[in-house]
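Following: one structure in structure tokens, then a few remarks.
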Amino acid sequence: MKCGEIASRPPIVITPDETLDKAVELLATHDVGILVVVDRNNPNKPVGVLSERDVVRALAWRAPLTVTVREVATTTGLIYVYTDDPVELAAGKMVKHGIRHVLVLNKSGDLYGVISQRDIVALYATHKTPTPAHPSL
């Protein structure tokens with residue numbers, strides 16, 4: 001199966017100049033664990049991600065809710081896959097980098113969606129039959 005087939009769409013996005021308060025509202029309203037930070041002038045261009053972990057770190061550092069997303073988001077070393085990559089590649093990147101979400105880009109490098117651990121578990125639960133390690137079980 002390809003990454004584009006299981007990517008959550010549309011991705012929930014925010015711009016770098018929005019506040020942490022707005023980001024928290026979006027995370028809660030959409031029941032997601034990550035927001036894709038996009039260029040204000042080009043909402044198809046991801047420039048970062050803001051995860052629940054980023055929010056928790058910011059609050060632990062006593063950042064006010066008025067701080068901008070730019071100040072707390074991850075903006076370097078973005079991890080992504082392309083729509084036609086196999087889902088196993090996305091899962092492998094999540095494990096390798098210790099992350100819960102991976103961006104999905106189209107061939108042009110534009111934002112297409114997001115794959116979460118939840119998406120991969122759902123795929124496994126509905127499409128794969130586990131083989132017991134011991135046939136007698």
Side-chain angles (χ1 to χ4, degrees):
M1 184 164 280
K2 303 294 183 191
C3 289
E5 296 176 75
I6 71 160
S8 299
R9 289 190 39 84
I12 309 304
V13 300
I14 194 164
T15 57
D17 56 328
E18 290 286 353
T19 63
L20 186 57
D21 185 46
K22 176 67 174 178
V24 169
E25 179 185 330
L26 286 171
L27 288 166
T29 301
H30 294 281
D31 193 27
V32 294
I34 198 165
L35 301 175
V36 182
V37 184
V38 295
D39 184 299
R40 175 169 282 293
N41 298 318
N42 182 357
N44 293 319
K45 181 182 179 194
V47 296
V49 293
L50 182 75
S51 69
E52 291 170 322
R53 289 178 181 177
D54 294 325
V55 171
V56 168
R57 276 190 211 100
L59 295 175
W61 297 333
R62 306 276 190 248
L65 290 175
T66 55
V67 71
T68 63
V69 167
R70 168 184 304 108
E71 296 174 73
V72 295
T74 300
T75 57
T76 59
L78 297 180
I79 308 300
Y80 60 88
V81 293
Y82 292 101
T83 53
D84 58 351
D85 285 337
V87 171
E88 293 81 6
L89 180 62
K93 287 187 175 194
M94 287 181 197
V95 170
K96 178 181 178 183
H97 297 283
I99 57 176
R100 299 176 188 163
H101 304 84
V102 64
L103 301 180
V104 180
L105 308 179
N106 65 22
K107 286 194 182 272
S108 307
D110 290 335
L111 179 61
Y112 178 83
V114 173
I115 294 176
S116 69
Q117 287 177 334
R118 184 184 326 175
D119 297 324
I120 291 178
V121 168
L123 174 68
Y124 178 80
T126 58
H127 289 91
K128 306 230 181 199
T129 304
T131 305
H134 302 283
S136 61
L137 296 178

Task: Exceeds 12 heavy-atom contacts within 6.0 angstrom, atom NZ of Lys45 - done: no
Considering only distance and modelled atom types, tabulate donor-acceptor pairs under 3.5 Å from the side chains of residues 105-112, sequence neighbours left out.
residue: Asn106; atom: OD1; partner: Ser108; partner atom: N; Å: 2.9
residue: Asn106; atom: OD1; partner: Gly109; partner atom: N; Å: 3.2
residue: Asn106; atom: OD1; partner: Asp110; partner atom: N; Å: 3.0
residue: Lys107; atom: NZ; partner: Asp84; partner atom: OD2; Å: 2.8
residue: Tyr112; atom: OH; partner: Gly4; partner atom: O; Å: 3.4

Task: Side chain to side chain, Val104 and Val114, heavy atoms closer than 4.5 Å - done: no
- [ ] Consider only side-chain heavy atoms of I, L, V, M, F, W and Y, link residues closer than 4.5 Å, and tell whether Val81 and Val87 are in one cluster.
- [x] yes
- [ ] Could you pull out the closest heavy-atom pair between Leu123 and Met1, with the gap in Å?
- [x] CD1-SD, 3.3 Å
Open item on the list: Quick check for you: to the nearest 0.5 Å, what is the distance between Arg100 atom CZ and Glu52 atom CD?
Closed with: 7.0 Å
Task: Met94 to Ile115 - nearest heavy-atom pair and separation - done: CE-O, 3.2 Å
Task: Over all atoms of both residues, closest heavy-atom pair of Ser116 and His101 - done: CB-CD2, 3.5 Å
Open item on the list: Starting from Val32 and following side-chain heavy-atom contacts under 4.5 Å between hydrophobic residues (I, L, V, M, F, W, Y), which residues can be reached?
Closed with: Ile12, Ile14, Leu20, Val24, Leu26, Leu27, Leu35, Val37, Val47, Leu50, Val55, Leu59, Leu65, Val67, Val69, Val72
Task: Transitive ILVMFWY side-chain link Ile34 to Tyr80, under 4.5 Å - done: yes
Open item on the list: Are Leu89 and Tyr82 connected into the same hydrophobic cluster when the rule is that any two of I, L, V, M, F, W, Y join if their side-chain heavy atoms are below 4.5 Å apart?
Closed with: no
Task: Connected via hydrophobic side-chain network under 4.5 Å: Ile99 and Ile120 - done: yes
TODO: Working to the nearest 0.5 Å, report the span between NE2 of His97 and CD1 of Ile79.
DONE: 4.0 Å
TODO: May I ask you to test the Arg118-Val121 pair for a side-chain heavy-atom distance under 4.5 Å?
DONE: no
- [ ] With sequence neighbours excluded, give me every side chain to side chain donor-acceptor pair (under 3.5 Å) pair touching residues 2-23.
- [x] Ser8-Asp119, Thr15-Asp17, Thr15-Arg40, Asp17-Arg40
Open item on the list: Distance check, rounded to the nearest 0.5 Å: His30 atom NE2 versus Glu25 atom CD?
Closed with: 8.5 Å
